[in-house]
Structures are given as structure tokens and as C-alpha cells.
Engineer: 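Quick one: this structure, given as C-alpha cells, is what I'll be asking you about.
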2 protein chains.
Amino acid sequence: MITPAQRYERFLTDLKAAGVRLTEQRKVIVKVLAEAHDHPNADELYHRAYVLDGSVSLSTVYRTLRLLEDHGAIQRHDFDAGRARFENADTDHHDHLIDVDTGQVIEFRSERIEKLQAEIAAELGFDIVRHKLELYGRRRG
Amino acid sequence: MITPAQRYERFLTDLKAAGVRLTEQRKVIVKVLAEAHDHPNADELYHRAYVLDGSVSLSTVYRTLRLLEDHGAIQRHDFDAGRARFENADTDHHDHLIDVDTGQVIEFRSERIEKLQAEIAAELGFDIVRHKLELYGRRRG
DNA sequence: ACCGATTTGCGAATGATTTGCAATTGCGTT
DNA sequence: AACGCAATTGCAAATCATTCGCAAATCGGT
Ligand SMILES: [Mn+2]
Ligand SMILES: [Mn+2]
Ligand SMILES: [Zn+2]
Ligand SMILES: [Zn+2]
């Protein structure tokens, strides 16, 4: 079980190893990402970071998100078109179930589905590079 | 095997039945959608419609797309973030495999994957309202 | 502490989509 | 077939998320 603090340290270590300059703003944004348990968008990340350090701007949040994505440190999602959502990429691959009533995002992983996807692609003569599986559902009740 | 002409007629019939005013522009846009074999975006639809009738504007294309989507006549996809793509909704449900090198969109359907998704949602206490499955792959060779 | 390359905040630019408004048009009614 | 008015249109301006230009600030190796 990795803690947010450990995740934060790993973020910084990896970035430093990659020769990325560790500015105050980047450290704050990375900390916010390391502590996020949800799938925040750029604006939400900006607000959380701004509380910790008023010198963070929305532009830098966007630039840092792009940087981290390019380094494979975070992953970008487009659940609802219009606003991208982010999460750190150090966890195992998983897909998402979105509660259409509350917007809550639930993570899951199915080996069978992962395998089936590869089989389908193979039948069509393709190798999967990446995939997107999102279930939009309503709580039973 | 439904023909584009038949699809076009059905579009018009359904819209008329729903009390939608059949303007020249809407008829042209609907015709273009009925004849599309790919997954065009708003701008592509606009150009194809404009050739048939120079009185069609991009605004009306957008307004008509929204109208048709609200009526369940077409479906919107967000393969690449930024530009929505559309296809008529009278065909059976299917998912998409996108060739990352060419952008080509290949349709497929897997009963097993459809069923697995429902099972996973059920395990989590949900009923699926809709889902999005996109495979991004590279041709084997 | 120094210094140059990198990064930042700001505001302006972007690109897709939406919207306000005056002019046009579909279509039910004479 | 002409009438009348609410719905629809084209155009330009507005939106919204994201990117970009640039001068000022800062990181990090020396
Ligand atoms: Mn997740
Ligand atoms: Mn399709
Ligand atoms: Zn998956
Ligand atoms: Zn499906």
C-alpha cells in the first residue's frame, strides 16, 4: 500500500532522474496529484495547488500536466468531452465506471475483458496500443 | 441491407412524426448523414452538405446535429478529444477500433464483451446505461 | 554569489462549439 | 394560392478549455 507521501517522493525522484527542473510550482502540483484520490480536472488541481502555494498559476498547471503526461507519470482521461481529468499513473491499469447520477468514478479491472480486447484486435489484424473502456451506469435500487 | 435512400426516408419520417420542421438545410444535412459510411466530424459534414446546397451554414450543421442526437437519430463519438464525430444510430450497437497510424475507424461487435461489461457493472451494484469501448491499435506486419 | 537556460504569470490567441439577433422560411390556416 | 407568425437560419460575436508569446523570475551547475 503506497502512501501519498511515498508517491510524492517517487514523482520527484523520477522527474529529477529525467533531468526535469524541480520548481516550487511543479512540486506543489505534483504533491496535489500524489494526494488526489479522485480524478480531478485542471481547474480543480489548480485550486488545490493554489491553496498550498499562491504562486501557482493555471497556465503552469496545464504545462505541468502535459509534462507529467509526456513522462508517463500521470494519465489523462476524457470522460466528459470538454474537460480532461487526471490521475497518477503509478497504479496498475484499470478501467472506469461512472455513476451517471452522481458523477462518481469507480475503478475496476477485469482480466477477462483485457484479454478479450486483445483477441478481438488480433482477429482484425491489429495489436492494441491502448484502449478506453468506460461504463456509465446507475446504482441498483 | 438498408440503403442510404431508405435511411434518408426513415430519418425524415421519424423527424416529421416527432413534429420537427423539415427545412431545406435539415434535409440536406440528414441526407449527408444517411449517405455517410465513415464517422465524419461537424466540419466534414458541413462541407459535404454545402456541396449539395450552398445555403447550409456551419451553425445549422451544429444545431441540426444536436437536434438529431437529442432525437436519438445519430450518435456522437469523441475518439480524439477536440472534434466530435457522428454516425447514424439506426445500425446495431457496435464498438470501434481506431488505427493509430491512419486514423481509420473499424467497427466490431462482441457479444462476450457486451455481456462481460454487464456482469462487471452488476458486481459493482450498477446497471449499465451506456458504455464506451475504443481500441486504439496498430496493424500487424 | 553568479549566470545562462528554463520556467513562470499574465494576458492574448486558439479552435471547436454555442448563441444573440434580425431576416427568412415552413407550414397550418384562411 | 396567399397569409401570418412561430420556428429556423446565417452571420458575427461569445464561450470554454487549453495553448502560447513574452518579459520577468528562478533553478541549479559552476
Ligand atoms: Mn482511475
Ligand atoms: Mn461506428
Ligand atoms: Zn482496461
Ligand atoms: Zn459495446
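Naming: A, B, ... by sequence-line order, numbering from 1 per chain.
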Engineer: Kindly write out the residues that satisfy salt bridge (Lys or Arg N to Asp or Glu O under 4.0 Å) with A:Glu44, not counting sequence neighbours, or none if the list is empty.
Structural biologist: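 With neighbours one apart ignored, the set is A:Arg85.
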Engineer: Hey, could you give me each pair passing salt bridge (charged side-chain N to carboxylate O under 4.0 Å, His left out) that has a residue in residues 23-37 of chain B? Not counting sequence neighbours.
Structural biologist: B:Glu24-B:Lys27
Engineer: Can you list, by residue number, the residues of residues 21-42 of chain A that have a non-hydrogen atom closer than 4.0 angstrom to DNA chain C?
Structural biologist: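 Those residues are A:Arg21, A:Thr23, A:Gln25, A:Arg26.
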Engineer: To the nearest Å, how far apart are B:Asp78 CG and D:dT18 P?
Structural biologist: 13 Å
Engineer: Given that B:Phe86 and A:Gly19 both sit by DNA chain C, which one's nearest nucleotide is further toward the 5' end?
Structural biologist: A:Gly19
Engineer: Which pairs count as salt bridge (charged side-chain N to carboxylate O under 4.0 Å, His left out) when at least one residue sits in residues 47-56 of chain B, sequence neighbours excluded?
Structural biologist: B:Asp38-B:Arg48
Engineer: May I ask you to list the residues of residues 9-17 of chain B, by number, that have any heavy atom positioned under 4.0 Å from an atom of DNA chain C?
Structural biologist: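 Nothing qualifies; none.
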Engineer: Between atom OH in A:Tyr46 and atom C1' in C:dC10, what is the gap in whole Å?
Structural biologist: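 Whole-Å distance recorded here is 11 Å.
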Engineer: Could you list all the salt bridge (charged side-chain N to carboxylate O under 4.0 Å, His left out) pairs where at least one residue sits in residues 123-132 of chain A, not counting sequence neighbours?
Structural biologist: A:Asp127-B:Arg140, A:Lys132-B:Glu134
Engineer: Using a cut-off of less than 4.0 Å, is there contact between a side-chain N or O of B:Tyr62 and OP1 or OP2 of C:dT17?
Structural biologist: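 Yes, such a contact exists.
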Engineer: Applying salt bridge (charged side-chain N to carboxylate O under 4.0 Å, His left out), which residue pairs with at least one partner in residues 5-17 of chain B are found, sequence neighbours left out?
Structural biologist: B:Arg7-B:Asp90
Engineer: Please name all residues satisfying salt bridge (Lys or Arg N to Asp or Glu O under 4.0 Å) with B:Asp101, sequence neighbours left out, ordered by chain then number.
Structural biologist: B:Arg138
Engineer: Only counting residues at least two apart or in another chain, list the ones meeting ring pair (Phe, Tyr, Trp, His ring centres under 6.0 Å) with A:His96.
Structural biologist: A:His39, A:His77, A:Phe79, A:His94
Engineer: Could you check how far CG of B:Asp53 sits from P of C:dG26, rounded to whole Å?
Structural biologist: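 Atom-to-atom, B:Asp53 to C:dG26, this comes out as 11 Å.
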Engineer: Expressed as a whole number of angstroms, how long is the span from A:Arg66:CZ to D:dC20:C1'?
Structural biologist: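 These atoms are roughly 11 Å apart.
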Engineer: Under the side chain to side chain donor-acceptor pair (under 3.5 Å) rule, collect the residues that match up with B:Tyr62, sequence neighbours excluded.
Structural biologist: none
Engineer: Taking only residues two or more places apart in sequence or in another chain, which ones pass side chain to side chain donor-acceptor pair (under 3.5 Å) with B:Arg139?
Structural biologist: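 B:Gln104.
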Engineer: Give me the one residue out of A:Asp70, A:Asn41, A:Leu33 that meets side-chain contact (heavy atoms from CB on, under 4.5 Å) with A:Leu65.
Structural biologist: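 Considering A:Asp70, A:Asn41, A:Leu33, a side-chain contact (heavy atoms from CB on, under 4.5 Å) with A:Leu65 is found only for A:Leu33.
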Engineer: Rounded to whole angstrom units, what separation is found between the CG atom of A:Leu67 and the P atom of C:dT7?
Structural biologist: 8 Å
Engineer: Tabulated below should be each protein N or O lying under 3.5 Å from an N or O of nucleotides 20-24 of chain C; please produce it.
Structural biologist:
{"unit_1": "C:dG20", "atom_1": "O6", "unit_2": "B:Arg63", "atom_2": "NH1", "d": "3.4"}

Engineer: What are the two closest heavy atoms between B:Val28 and B:Ala49, and how far apart are they?
Structural biologist: CG1-O, 3.5 Å
